[in-house]
2 protein chains.
Amino acid sequence: MNTQTFRNWQRVQEEVLRRIHAREWLPGDLIPNEADLAIEFGCARSTVNRALRSLADSGLLDRRRKAGTRVAAEPVAKATLNIAVIRHEIEEHGARYGYMLIARSLVAPPLHISGAMQTQPMQEMLHVRALHLADETPYAFEERWVNPSVVPDALSEGFEKLSANEWLLKHAPYTHGDIAFSSVQAEPEVAEILDVPPHSALFAIDRLTWDNQASVTKVCLLFAPGYKLRTQI
Amino acid sequence: MNTQTFRNWQRVQEEVLRRIHAREWLPGDLIPNEADLAIEFGCARSTVNRALRSLADSGLLDRRRKAGTRVAAEPVAKATLNIAVIRHEIEEHGARYGYMLIARSLVAPPLHISGAMQTQPMQEMLHVRALHLADETPYAFEERWVNPSVVPDALSEGFEKLSANEWLLKHAPYTHGDIAFSSVQAEPEVAEILDVPPHSALFAIDRLTWDNQASVTKVCLLFAPGYKLRTQI
DNA sequence: AGGGTTATTATGTGCACACATAAAAGCGAT
DNA sequence: ATCGCTTTTATGTGTGCACATAATAACCCT
């Protein structure tokens with residue numbers, strides 16, 4: 001008989017995880033309610049609540065008021081990616097970071113850009129193209145549109161030394177954003193910049209961030225072949 | 001004077017977000033401690049704690065005991081990806097899901113597989129190759145290795161109708177795993193299976209899952225061009 | 001001044017209790 | 001049986017308190 005007590009929420013969580021892995025509680029099963037578990041574990045209900053809530057957040061449990069808590073039938077693997085500043089990413093690999101501004105201009109963007117950013121088609125936007133390097137080797141090509149009516153300070157920033165990637169994080173807060181990962185073939189111009197064969201398979205990160213209703217910036221990062229975005233689940 | 005009260009943790013969170021966003025609290029700034037905020041907001045310290053803890057989890061605040069809570073200097077965008085069962089992903093797009101088993105065998109894997117999975121090189125593993133289709137069009141190619149000593153039941157499963165992707169989720173729990181996203185050029189064989197030109201840029205998801213110390217399965221999913229993995233931040 | 005010990009302090013957590021809320025289950029009238 | 005109302009129940013959350021813990025700040029001794 002297991003009369004062990006689990007007095008803190010991490011241990012309760014561990015025990016619940018153990019039961020799920022040991023298949024004592026099968027996917028889809030309804031598990032005992034918080035009050036009963038609290039008695040069994042010899043702790044307060046709020047402790048059990050904290051443990052179960054945390055497991056529900058990570059997708060391992062499904063909880064519904066009155067219906068109770070059940071083991072997720074098909075646990076959705078939730079991978080949390082840390083999209084860091086590119087400089088940090090490179091430096092963490094122990095490489096020397098390099099940055100090169102390719103172009104910077106104030107122009108009316110193509111329609112698909114103004115459309116996505118929901119700005120007036122004729123409104124001029126700050127357009128920045130730059131290259132990030134690791135140990136002098138091209139690492140990622142950055143193409144960015146910045147909405148100057150939301151980030152006016154960007155107009156007085158040259159982005160010659162400091163990448164827009166980094167400058168915006170400090171100076172342009174955002175409320176939310178969309179991000180998409182995909183794979184694209186390198187167009188000739190980009191292939192040349194990244195110094196890779198044309199039509200190479202590049203890893204692309206597209207990001208569009210918003211400050212409440214207004215779009216802040218739209219960026220497309222194209223990573224040289226070999227790039228891998230890793231995380232744990 | 002703002003004498004409004006914020007009685008629940010979501011509203012406290014909203015107010016803190018508003019202040020960060022309105023730049024009342026700048027990146028790097030130390031914010032008032034929980035007790036003071038509780039007084040200001042007219043709620044209990046635990047309510048403030050819950051709100052701040054949640055914001056720290058999402059990377060917007062940095063908290064350290066005794067040192068206090070400060071606004072993250074460079075908020076790391078944490079994108080949470082839901083790696084769902086491929087069938088669900090396709091059906092959610094309103095497309096018809098199709099599945100085709102290409103090969104299934106029990107063989108000793110190449111060294112880089114047994115190496116990554118930390119199994120004996122000569123130990124036979126279940127090797128499954130399959131194709132996922134959306135509206136009869138190739139969607140993703142799945143190449144998988146399953147460790148039969150961890151999932152013996154897999155040996156009696158043919159994977160003719162039900163994909164290993166789905167079967168394993170139900171029958172093989174895992175404790176943790178690594179996942180990597182990258183971009184690769186389609187090799188001729190894969191290009192033919194996916195019915196795309198050779199050297200097309202494919203989106204790749206590599207996943208290796210573990211049950212405690214033992215590797216469960218290693219899978220490589222190659223998505224046809226056009227695939228985008230989306231999420232919000 | 002320097003180095004090591006102690007005190008202080010902000011966050012982290014646990015507990016008991018209360019009430020809120022969503023949703024299933026039961027019930028009753030038609 | 002079906003629709004609509006009420007009850008029940010499990011989770012969700014707020015409060016006040018206590019103590020734990022980590023890390024800084026203060027102190028003391030040399």
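Residue numbers begin at 1 in each chain, while the letters A, B, ... track the order of the sequences. These figures come from a predicted structure and were not determined experimentally.
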So does A/Arg18 pair up with A/Glu24, basic N to acidic O under 4.0 Å?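 Yes, charged N to carboxylate O under 4.0 Å.
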Check whether the side chains of [X] and [Y] place a donor and an acceptor atom closer than 3.5 Å, and report yes or no.
{"X": "B/Ser54", "Y": "B/Gln13", "value": "yes"}
{"X": "A/Thr137", "Y": "A/Asp135", "value": "no"}
{"X": "B/Tyr99", "Y": "B/Glu142", "value": "no"}
{"X": "B/Ser163", "Y": "B/Arg87", "value": "no"}

Which whole-number value in Å describes the distance from [X] [atom1] to [N] [atom2]?
{"X": "A/Asn33", "N": "D/dT8", "atom1": "CG", "atom2": "P", "answer": "17 Å"}
{"X": "B/Arg50", "N": "D/dG12", "atom1": "CZ", "atom2": "P", "answer": "9 Å"}
{"X": "A/Lys66", "N": "D/dT8", "atom1": "NZ", "atom2": "P", "answer": "10 Å"}
{"X": "A/Leu61", "N": "D/dA10", "atom1": "CG", "atom2": "C1'", "answer": "14 Å"}
{"X": "B/Trp9", "N": "D/dT15", "atom1": "CH2", "atom2": "P", "answer": "14 Å"}

Looking only at side-chain N and O atoms, does A/Arg64 come under 4.0 Å of OP1 or OP2 in D/dA10?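 For D/dA10, neither OP1 nor OP2 has a side-chain N or O of A/Arg64 closer than 4.0 Å.
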At under 4.0 Å, does any side-chain N or O of A/Arg65 touch on OP1 or OP2 of D/dT9?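 Answer is no, no contact under 4.0 Å.
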When the ring centroid of B/Phe159 is compared with that of B/Trp167, is the distance short of 6.0 Å?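 Aromatic pair counts; centres sit under 6.0 Å.
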Tell me if the centroids of the rings in A/Phe141 and A/Phe223 come within less than 6.0 Å of each other.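 No, the ring of A/Phe141 stays outside the 6.0 Å limit from the ring of A/Phe223, centre to centre.
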Which nucleotide span of DNA chain C, 5' end to 3' end, has atoms closer than 4.0 Å to non-hydrogen atoms of chain B?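 Boundary nucleotides touching chain B, in 5' to 3' order, are C/dT8 to C/dT13.
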Mind checking if A/Thr47 touches a base, just sugar-phosphate, or nothing, with heavy atoms under 4.0 Å?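 Sugar-phosphate contact only.
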What does B/Arg45 touch in the nucleic acid at a heavy-atom separation under 4.0 angstrom: a base, only the sugar-phosphate, or nothing?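 The answer is base, as B/Arg45 lies within the cut-off (heavy atoms under 4.0 Å) of a base atom.
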Would you kindly compare B/Glu34 and B/Ser46 by the position of their nearest DNA chain C nucleotide and give the one closer to the 5′ end?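 Counting from the 5' end, the first nearest nucleotide belongs to B/Glu34.
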Can you tell which of D/dT13, D/dT15, D/dG14 lies closest to the side chain of B/Asn8?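 My answer, after comparing the listed nucleotides, is D/dG14.
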Test applied, salt bridge (charged side-chain N to carboxylate O under 4.0 Å, His left out); reference residue, B/Glu34; option that passes from B/Arg53, B/Arg50, B/Arg63, B/Arg65: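 That would be B/Arg63.
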With a 4.0 Å heavy-atom cut-off, tell me which residues in residues 23-32 of chain A come close to DNA chain D, sorted by residue number.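 Listed by number, there are none.
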Closest non-hydrogen atom pair between A/Pro32 and A/Leu37, with its separation: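 A/Pro32 and A/Leu37 have their closest heavy atoms at O-CD1, 3.6 Å.
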